[in-house]
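Reviewing the structure listed below.
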Amino acid sequence: MPKAVRIVGRSSSITNSFVNGIISVIPPTAEQIDEALRRHWENHRAILDLMREAKKTAGLIRARIASRADPLQPPALAGEGEATAAADTV
């Protein structure tokens with residue numbers, strides 16, 4: 001917490017925190033603003049790329065589910081079909 005200071009005759013750390021929050025002590029330089037905007041747009045592009053990838057993956061999953069005869073049954077594990085066939089013949 002910030003140190004309590006006197007503002008209009010009252011000592012209040014809450015008021016001090018509020019004043020410090022709305023009054024910038026050192027204004028940003030043009031270079032700092034440009035850097036912040038550059039990072040913002042890089043993050044924006046990265047998020048859009050992730051969203052495109054997720055949409056593509058969801059489309060592939062939907063197509064795979066739609067192509068199954070019975071989407072409620074999971075696919076047989078490797079070798080599982082052979083064991084079932086062998087059990088049916090005994």
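With sequence neighbours left out, R52 forms a salt bridge (Lys or Arg N to Asp or Glu O under 4.0 Å) with D49.
One finds a salt bridge joining R38 and E35 here, because a Lys/Arg side-chain nitrogen approaches an Asp/Glu carboxylate oxygen to under 4.0 Å.
Sorted by first then second residue, the salt bridge (charged side-chain N to carboxylate O under 4.0 Å, His left out) pairs that include residues 53-63, not counting sequence neighbours, number zero.
Ring orientation note: the planes of W41 and H44 are nearly perpendicular, at an angle over 60° on the 30°/60° scale.
Distance check: L50 CG to T57 OG1 gives 10.5 Å after rounding to the nearest 0.5 Å.
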